[in-house]
S.K.: 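The structure's right below; bear with me while I get my questions together.
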Number of protein chains: 2
Amino acid sequence: MSISMAKGEKTKSKILEKAASLASICGLEDMSIGKLAKATGLSKSGLFAHFNSKENLQTQVVQWVAEMFTEQVMRPAFNEPRGIPRIRGIFENWKDWIEGDSLPGGCIMIASSTEFDDKPGAVRDEIVGMMSDLLQSLTRTARIAIEEGHFKADSDPKQFAFEFESLLHGYHLLQRLLKDPDARKRSDTAFERLIESYQADLPKPH
Amino acid sequence: MSISMAKGEKTKSKILEKAASLASICGLEDMSIGKLAKATGLSKSGLFAHFNSKENLQTQVVQWVAEMFTEQVMRPAFNEPRGIPRIRGIFENWKDWIEGDSLPGGCIMIASSTEFDDKPGAVRDEIVGMMSDLLQSLTRTARIAIEEGHFKADSDPKQFAFEFESLLHGYHLLQRLLKDPDARKRSDTAFERLIESYQADLPKPH
DNA sequence: GAAAAAAACGAACGGTCGTGCTAATAATCA
DNA sequence: TGATTATTAGCACGACCGTTCGTTTTTTTC
């Protein structure tokens with residue numbers, strides 16, 4: 001009766017998956033329960049019963065996306081060696097993620113950041129937490145690069161995280177709004193310049 | 001009868017001003033005609049008559065905001081000397097703009113870029129045009145910095161424009177979503193690093 | 001001033017929104 | 001299997017959506 005966790009959770013996952021797709025295209029607010037019900041084949045009220053408010057649904061979509069992001073962008077990169085290779089891994093995976101390999105509408109985290117920055121409430125709080133965690137992860141990864149001697153010892157890891165994150169936002173703009181065919185090249189160039197400027201002098205002698 | 005251009009245009013401006021404020025907070029799509037009517041004191045139908053569809057209203061809001069941006073961010077910076085000072089001017093003015101000195105909800109251009117990147121239509125087209133123009137202006141300004149000898153001769157002005165724009169998006173995130181008290185400092189540091197890396201060697205002897 | 005034109009209003013439309021209820025169905029447990 | 005519980009559906013609600021239309025008010029023009 002209590003440890004079951006059966007059918008309900010299964011369909012809830014299906015719903016959240018569709019919801020993430022839908023929200024990535026039309027936004028978390030514009031994603032209505034009616035549309036989502038149609039997309040999943042459920043009835044509006046049947047779907048609603050899983051979450052007990054729209055705010056709840058939105059919040060859980062954000063959590064779902066955050067897990068997805070961790071799984072597809074961060075975790076694979078942590079198989080890379082510590083330091084710059086790992087940072088490069090995050091960069092590459094994140095670009096793929098933005099291009100819509102997972103969500104058809106691109107990176108919800110970036111989109112919802114601007115959508116909810118002036119809408120107080122539980123959803124905003126969730127997004128703030130998610131983005132804070134992300135920046136913290138990036139900061140940690142930069143700190144590791146310092147420890148490994150890849151980055152200059154006096155580098156500011158939080159500063160690096162900020163500049164790294166900014167770059168991805170820029171890529172998002174070029175790729176998804178402007179559909180600039182040079183988007184990858186532009187962000188790659190900027191990324192190399194960024195790495196270079198943080199990189200420790202005296203690269204290993206060839 | 002034809003050259004009049006009187007009361008109508010005046011209230012239309014008032015409407016667009018309020019609309020820009022409202023949209024900066026809740027988004028272009030979530031800004032409803034009803035809310036806007038309440039905010040302006042007009043009746044819903046009276047307001048609607050000025051634009052003949054919501055899409056039209058949204059489009060004109062985007063145009064209005066673009067003009068406002070040019071007026072408050074770009075134009076004052078063009079009083080600065082050509083080259084780096086002018087670029088610095090744009091950067092400073094844009095930060096003020098994002099902080100909400102003009103629009104309470106921050107930079108609509110950035111917000112609507114992610115809101116409409118997957119919604120085809122006239123509004124999206126308008127936003128694309130606006131952002132393209134903006135990047136073009138930034139590119140031109142960087143080219144001038146090359147001409148003035150401030151930037152390295154082999155600098156890629158479009159590349160600079162991309163990195164500059166990215167930075168402002170990053171600032172938007174820190175300032176408006178995360179309310180990071182170090183937002184200014186972070187973006188200032190990144191900006192100086194950006195300028196430095198494009199700057200011509202051999203600064204003029206002191 | 002009166003006549004003509006422009007601007008704003010009020011009411012209503014078909015739809016969709018989020019959200020409650022109650023009944024039917026499906027899964028689980030005894 | 002039958003009883004119980006968890007999951008879905010149907011229906012209805014009040015509110016608001018964008019939009020239309022006919023009327024009234026305000027502004028402009030002569």
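As a basis for the values below, the full set of heavy atoms in this structure was taken, side chains included, without hydrogen atoms, waters or symmetry mates. Here is the naming used below: chain letters follow the sequence lines, and residue numbers restart at 1 for every chain.
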S.K.: Has B:Ser32 got a side-chain N or O lying under 4.0 Å from the OP1 or OP2 atom of D:dC16?
M.R.: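 For B:Ser32, the contact criterion (side-chain N or O under 4.0 Å from OP1 or OP2 of D:dC16) is not met.
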
S.K.: Does a nitrogen or oxygen in the side chain of B:His50 sit under 4.0 Å from OP1 or OP2 of C:dA8?
M.R.: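 B:His50 to C:dA8 OP1/OP2: side-chain N or O found under 4.0 Å.
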
S.K.: Whole Å only: how far is the CG atom of A:Leu47 from the P atom of C:dT19?
M.R.: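 Distance check: A:Leu47 CG to C:dT19 P gives 12 Å.
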
S.K.: Round to the nearest Å and state the distance from B:Lys10 atom NZ to D:dT26 atom P.
M.R.: 20 Å

S.K.: Answer yes or no: side-chain N or O of A:Ser45 and base N or O of D:dG10 forming a donor-acceptor pair under 3.5 Å.
M.R.: yes

S.K.: So that I can tick it off, tell me whether B:Glu67 and B:Arg75 are bridged by a salt bridge, with the cut-off set at under 4.0 angstrom between side-chain N and carboxylate O.
M.R.: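 B:Glu67 and B:Arg75: not salt-bridged.
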
S.K.: For B:Lys158, does the NZ atom sit with more than 12 other heavy atoms under 6.0 Å from it, leaving out its own atoms?
M.R.: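 Open: at most 12 neighbouring heavy atoms sit under 6.0 Å from NZ of B:Lys158.
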
S.K.: Do B:Trp94 and B:Tyr171 have their ring centres less than 6.0 Å from each other?
M.R.: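 Aromatic pair excluded; centres sit 6.0 Å or further apart.
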
S.K.: Give a yes or no on whether a donor-acceptor pair under 3.5 Å exists between the nucleobase atoms of C:dG18, that is its base, and the side chain of A:Lys44.
M.R.: yes

S.K.: Please state how far atom CD in B:Glu55 lies from atom C1' in D:dG18, giving the value in whole angstrom units.
M.R.: 13 Å

S.K.: Would you say a side-chain N or O of A:Thr11 is under 4.0 Å from OP1 or OP2 of D:dT8?
M.R.: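 Looking at the OP1 and OP2 atoms of D:dT8, one of them is under 4.0 Å from a side-chain N or O of A:Thr11.
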
S.K.: Indicate yes or no for a side-chain donor-acceptor contact from B:Ser137 to the backbone of B:Asp133 under 3.5 Å, with no hydrogens or angles considered.
M.R.: yes

S.K.: Measure CG/B:Asp30 against P/D:dA15 and give the value in whole Å, please.
M.R.: 19 Å

S.K.: Tell me the interatomic distance from B:Leu42, atom CG, to D:dT25, atom P, rounded to whole angstroms.
M.R.: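 Result: 17 Å.
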
S.K.: With distance as the sole test, does B:Lys38 use its side chain to make a donor-acceptor pair with the main-chain N or O of B:Ile33 at under 3.5 Å?
M.R.: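 Judged by distance alone, no pair lies under 3.5 Å.
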
S.K.: By nearest atom, which of the nucleotides C:dT19, C:dG10, D:dT19 is closest to the B:Ser43 side chain?
M.R.: C:dG10

S.K.: From C:dC17, C:dT19, D:dT19, pick the nucleotide closest to the side chain of A:Lys35?
M.R.: C:dC17

S.K.: Would you kindly give the NZ-to-P distance between B:Lys54 and D:dT19, to the nearest whole Å?
M.R.: 8 Å

S.K.: How long is the line joining CD of A:Gln58 and P of C:dC17, in whole Å?
M.R.: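 One finds 13 Å between P of C:dC17 and CD of A:Gln58, rounded.
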
S.K.: Just the rounded figure in Å: distance from C1' of C:dC17 to CD1 of A:Ile33.
M.R.: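 Interatomic distance, CD1 of A:Ile33 to C1' of C:dC17: 9 Å.
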
